[in-house]
Amino acid sequence: MIRTSRFCLLVFGLALLVFIPDKFARGDDLYISAANYGRYYHYKETKEDSVASRFQFDISMGNFYIGAWYELTHFVTDYSAVTSDSISQIYFGWEDNGLTIHAGNFYQTFDRGLILNAFRDDDVRFNLLLKGLKLNGRYDHIDFDVFSATPGVWGITKPVLKGIRLKIKPLRMVRFGGAYVRMNEPDFGLGDTRTNMNEINARITNDYFDCYVEYAQRDGYYINIFPYELRNQKGDGTYANLSAYYSYFTGFFEYKNYKFLAYPDLNLNYNMPPAVNHQQRSLQSQFGSTGECGYNVGFIFSPNYHWGIELDYADAESRDSLGHFIIEKYFEIRGNYFRDNLFTISYDRLEHSEKNETTPKFEISYSLDDIHSVALTAYLIKYEPLGESVQNSGYIEKYLDFNFARSYNFSLSVGGSWSDQDMSNVSDPAPKRLGYIELNIKFHNHDLIIFNGGQRGGLVCSGGLCFNRPTFQGTRVTLLSRF
């Protein structure tokens with residue numbers, strides 16, 4: 001019965017898009033928009049099919065708005081089939097002259113995320129959705145946010161979060177402010193399980209430099225996973241960045257120093273501070289470190305739109321007894337050659353506690369005429385695992401992609417990957433050779449991508465979060481539609 005009502009809501013939304021006249025739907029008072037992101041998978045080995053679809057629907061009328069997300073998933077694994085459908089988001093609100101009142105589901109980030117960073121990133125399969133009330137204002141000399149919410153997507157328990165953020169802009173080049181978040185976990189039944197998070201920040205900017213500093217503190221309960229322990233724990237964190245500009249040169253410096261800043265624990269935390277390196281890897285996400293200290297420094301030389309050189313170096317160490325580290329050296333040069341065709345050459349050397357990873361990469365494109373072009377991308381990743389075990393022998397993965405494009409509405413890619421990794425001790429090894437073909441077609445408000453072949457898995461990182469993406473073999477069809 002529940003699924004029937006959800007399906008009816010989806011059909012009703014589609015009917016509105018199809019049958020409401022465009023003049024009426026896009027009038028001065030009423031505006032209707034929607035988007036659907038659908039994916040179909042057919043797995044080569046198991047011969048099974050999986051489907052995932054997300055339909056977003058929004059209506060605005062004057063100062064009022066309302067919207068909903070409907071998500072359908074059907075995934076088949078080696079052990080079970082998982083089917084779910086739900087209205088994952090419902091929200092409505094009112095906005096006028098910089099003031100917005102919002103009820104329902106929402107995402108929220110305070111400044112650089114040291115005390116609150118609730119967001120969604122499908123690349124690393126992360127979705128921290130909130131559900132409640134929020135009020136925000138955006139004005140010439142002041143910004144503010146106030147909210148009270150519970151997690152919209154969570155596990156066994158649902159803590160209550162309340163927060164406020166204030167930013168004052170007395171001058172064009174000066175901004176400062178602060179924020180406070182309080183989390184209370186009422187489902188534990190263990191007494192005072194509150195966490196208080198607060199931060200202050202300042203920013204000074206002009207035509208030659210941009211400087212930002214943020215300092216945060218935590219005080220309250222902390223969940224230690226191994227061994228399991230619930231205790232009060234103080235923590236703090238500092239993030240700073242400085243960018244300087246002169247002529248064709250840009251120099252930048254980032255600094256981080258976090259300790260016991262995650263809450264309520266390392267695995268289920270509501271904040272995600274900046275990772276401060278090129279690959280966006282954090283010691284907390286990759287190794288479970290309770291604290292880390294590091295920096296990233298570099299410069300960019302760009303005399304015009306096409307030519308540029310980038311050099312940067314990042315170094316971070318954990319602030320606990322685990323002794324984990326990340327060191328990254330990155331170089332990139334891009335430019336143009338005959339008839340403004342472009343090329344990019346980069347080199348990335350990442351050293352961390354488990355292995356060293358070296359990635360040289362070459363990209364080049366060539367315009368055949370005004371609408372047709374070809375491009376070639378080639379790179380490899382050399383892994384050098386640390387340790388003396390036999391299983392820790394090094395290996396190389398090679399990747400190659402050739403692309404043909406016609407204007408912006410059609411492209412065809414053919415490529416593959418090769419690996420010489422020793423898979424004798426791996427229970428479900430990926431093939432040493434994988435090939436694929438991918439077709440991308442854009443028509444009107446639709447983007448259709450058809451992929452067939454094999455895509456090698458590996459570690460994917462974004463915004464300090466890392467996810468081990470499995471190898472895919474089969475057919476994948478993706479359709480993004482906007483109405």
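A quick note: this is a predicted structure, and the numbers were derived from the prediction, not measured. Heavy atoms only: backbone and side chains are in, while hydrogens, waters and symmetry mates are out.
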Okay, side chain of N117, backbone of M272: is any donor-acceptor separation there less than 3.5 Å? yes
Geometric cation-pi criterion, K361 with Y379: 6.0 Å, 45°: yes
Which atoms form the tightest heavy-atom contact between P159 and P151, and what is the distance? O-CD, 3.2 Å
Once rounded to the nearest 0.5 Å, what's the spacing between atom CG of D49 and atom NZ of K47? 11.0 Å
Taking the side chain from D96 and the backbone from L99, do they hold a donor-acceptor pair closer than 3.5 Å? no
Look up atom CD1 in I164 and atom CZ in R182, then write down how far apart they are to the nearest 0.5 Å. 14.0 Å
Check: E71 side chain, S88 main-chain N or O, donor-acceptor pair, under 3.5 Å: no
Reported CD1-to-CE distance for the pair I115 and M197, which is rounded to 0.5 angstrom: 6.0 Å
Please round to the nearest 0.5 Å and tell me the distance separating atom NE2 of H446 and atom CZ of F483. 5.5 Å
Ignoring hydrogens and angles, tell me if any N or O in the side chain of S302 forms a donor-acceptor pair with the backbone of W307 under 3.5 Å. yes
Exam field: side chain N277 to backbone Q280, donor-acceptor pair closer than 3.5 Å: yes
Derivation of the side-chain contact (heavy atoms from CB on, under 4.5 Å) call for N296 and E328: CA-CA 9 Å; N296 183 23; E328 185 179 19; over 6 Å; no
Whether R334 side chain and L342 backbone form a donor-acceptor pair below 3.5 Å: no
Under 3.5 Å, side-chain donor or acceptor atoms of residues 168-175 against the rest of the protein: list the pairs with distances, not counting sequence neighbours.
| unit_1 | atom_1 | unit_2 | atom_2 | d |
| --- | --- | --- | --- | --- |
| K169 | NZ | Y139 | O | 2.8 |
| K169 | NZ | D143 | OD1 | 3.2 |
| K169 | NZ | D143 | OD2 | 3.4 |

Does the gap between the ring centers of Y91 and F106 come in under 6.0 Å? no
Under the disulfide bond (SG atoms under 2.5 Å apart) rule, what pairs show up with a residue in residues 34-67, not counting sequence neighbours? none
Passes side chain to side chain donor-acceptor pair (under 3.5 Å), N201 versus E199? Steps please. CA-CA 7 Å; N201 64 81; E199 59 97 345; 3.1 Å; yes
Could you walk me through whether Y239 and E254 pass the side chain to side chain donor-acceptor pair (under 3.5 Å) check? CA-CA 8 Å; Y239 171 78; E254 282 186 288; 2.5 Å; yes
Take Y215 and N257 through the side chain to side chain donor-acceptor pair (under 3.5 Å) test and state the conclusion after the steps. CA-CA 10 Å; Y215 176 72; N257 192 349; over 6 Å; no
Measure the acute angle between the ring planes of F472 and Y41, then classify it against the limits of 30° and 60° as parallel, tilted or perpendicular. perpendicular
Is S413 reaching over with its side chain to a backbone N or O of E438, donor-acceptor style, under 3.5 angstrom? no
Ignoring hydrogens and angles, state whether a donor on the side chain of Y212 or E214 is under 3.5 Å from an acceptor on the partner side chain. yes
Using modelled atom types only, decide if a donor and an acceptor are shared between the side chain of R281 and the backbone of L465 within a distance under 3.5 Å. no
In terms of heavy-atom contacts, S53 and N36 come closest through OG-OD1, 3.3 Å
Whether over 12 other heavy atoms sit under 6.0 Å from F299 CZ: yes
Short question: side chain of N271, backbone of L261 - any donor-acceptor pair under 3.5 Å? yes
Side chains of F404 and V414, heavy atoms from C-beta outward: is any pair under 4.5 Å? no
Are I450 and L448 side-chain neighbours, meaning at least one heavy-atom pair lies under 4.5 Å? yes
Is there a side-chain contact between Y399 and T377 in this structure, where contact means two heavy atoms from C-beta onward sitting under 4.5 Å apart? no
Is there a side chain to side chain donor-acceptor pair (under 3.5 Å) between S462 and D123 once you walk through the steps? CA-CA 7 Å; S462 175; D123 289 338; 5.2 Å; no
Measure the shortest side-chain to side-chain distance between R165 and L116 over non-hydrogen atoms and say whether it is less than 4.5 angstrom. no
Looking at Y31 versus Y65, is the centre-to-centre ring distance below 6.0 Å? no
Y263 and N269, any side-chain heavy atoms less than 4.5 Å apart: no
Salt bridge (Lys or Arg N to Asp or Glu O under 4.0 Å) between D145 and K134, intermediate numbers included: CA-CA 7 Å; D145 299 277; K134 73 170 181 175; 6.0 Å; no
Taking the side chain as C-beta and beyond, is there a heavy-atom pair between P274 and K256 under 4.5 Å? no
Would you please test N105 and W69 for side-chain contact (heavy atoms from CB on, under 4.5 Å) and show each step? CA-CA 10 Å; N105 296 110; W69 290 24; over 6 Å; no
Does any non-hydrogen side-chain atom of I32 lie less than 4.5 Å from one of F57? yes
More than 12 heavy atoms from other groups under 6.0 Å of CD1 on I300: yes
Reported CZ-to-CG distance for the pair R476 and N452, which is rounded to 0.5 angstrom: 10.5 Å
So does R482 pair up with D447, basic N to acidic O under 4.0 Å? yes
Nearest-0.5 Å distance, CG of residue D219 to CG of residue D236: 11.5 Å
Validation row, ring centre F92 to ring centre F64 under 6.0 Å: no
Under-4.0 Å salt bridge between D122 and R120: yes
Between N341 (side chain) and S367 (backbone), is there a donor-acceptor pair under 3.5 Å? yes
